[in-house]
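To start, the structure under review is shown below, and the notes come after it.
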Amino acid sequence: MLTCIIRYRIDPAKKAQFEQYARNWGQAIPRCGADLVGYYAPHEGSSTLAYGIYNVDSLAAYEAYRARLAADPLGRENYEFAQRERFLLREDRVWLKLASAPHADTGGRSA
């Protein structure tokens, strides 16, 4: 399993547009085959950092997912929405592999 973390720099005056963008991906990404953890908008602290996080089985699975996303009507519409509204100032992706598993069983208690 690979995790893609997308770090966005957004225009703080267009946070509502980013949130709409995030909700749209919340529909399109799972439908196209990735395991969406979520999209996160600024709340406190930085007003310009936002994140999108999802999992795929492999880089080959990612390529197939990207092809489905490019063909998805909402995926295309959301990409065009971001281009038109220009609320994304920068977008960086990093691929990570879980290194801490297996995790300890806490018996249902949180730390």
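No experiment lies behind these values; they were computed from the predicted model shown.
- For the residue pair Pro42 and Ser46, the shortest heavy atom distance occurs at CB-O, 3.4 Å.
- One finds the OH atom of Tyr65 at 4.0 Å from the CD1 atom of Ile29 (value rounded to the nearest 0.5 Å).
- A donor-acceptor pair shorter than 3.5 Å can be found between the side chains of Tyr39 and Tyr8.
- Taken to the nearest 0.5 Å, the CZ atom of Arg23 stands 10.5 Å off from the CG atom of Asn78.
- Distance check, rounded to the nearest 0.5 Å: CH2 of Trp25 to CG of Leu36 gives 11.0 Å.
- Here the side chains of Asp57 and Met1 are in contact, with some heavy-atom distance below 4.5 Å.
- Residue Ile6 is grouped with residue Val56 when hydrophobic side chains (ILVMFWY) are merged at heavy-atom distances under 4.5 angstrom, including chains of intermediate members.
- Contacts of Leu96 classified as side-chain contact (heavy atoms from CB on, under 4.5 Å), with partners at least two apart in sequence or in another chain: Ile5, Val94.
- For the pair Asn55/Val37, a side-chain contact is recorded, criterion being any heavy-atom separation below 4.5 Å from C-beta on.
- Residue pairs meeting the salt bridge (charged side-chain N to carboxylate O under 4.0 Å, His left out) criterion with at least one partner in residues 71-85, sequence neighbours excluded, are Arg31-Asp72.
- No path of Ile, Leu, Val, Met, Phe, Trp and Tyr side chains, each step under 4.5 Å between heavy atoms, connects Leu88 with Tyr51, placing them in separate hydrophobic clusters.
- What you find for Ala82 and Tyr21 is that their closest heavy atoms are CB-CE1, 3.7 Å.
- Under the 4.5 Å side-chain heavy-atom criterion for ILVMFWY residues, a single connected hydrophobic cluster contains both Leu49 and Tyr40.
- In this structure, the separation between SG on Cys32 and OH on Tyr54 is 11.0 Å, given to the nearest 0.5 Å.
- Two residues are said to be in side-chain contact when any heavy atoms from C-beta on lie closer than 4.5 Å; Leu89 and Lys14 fail this criterion.
- When all heavy atoms of Gly75 and Ala28 are compared, the closest pair comes out as N-CB, 4.2 Å.
- Counting non-hydrogen atoms of other residues, nucleotides and ligands closer than 6.0 Å to OH of Tyr62 gives a total above 12.
- Annotation: the span from Arg90 atom CZ to Thr48 atom OG1 amounts to 11.5 Å, rounded to 0.5 Å.
- The nearest pair of heavy atoms linking Gly33 to Arg68 is CA-NH2, 3.9 Å.
- No more than 12 heavy atoms of other residues, nucleotides or ligands sit less than 6.0 Å from atom CZ of Arg86.
- Within a 6.0 Å sphere centred on NE2 of His43, heavy atoms belonging to other residues, nucleotides or ligands number 12 at most.
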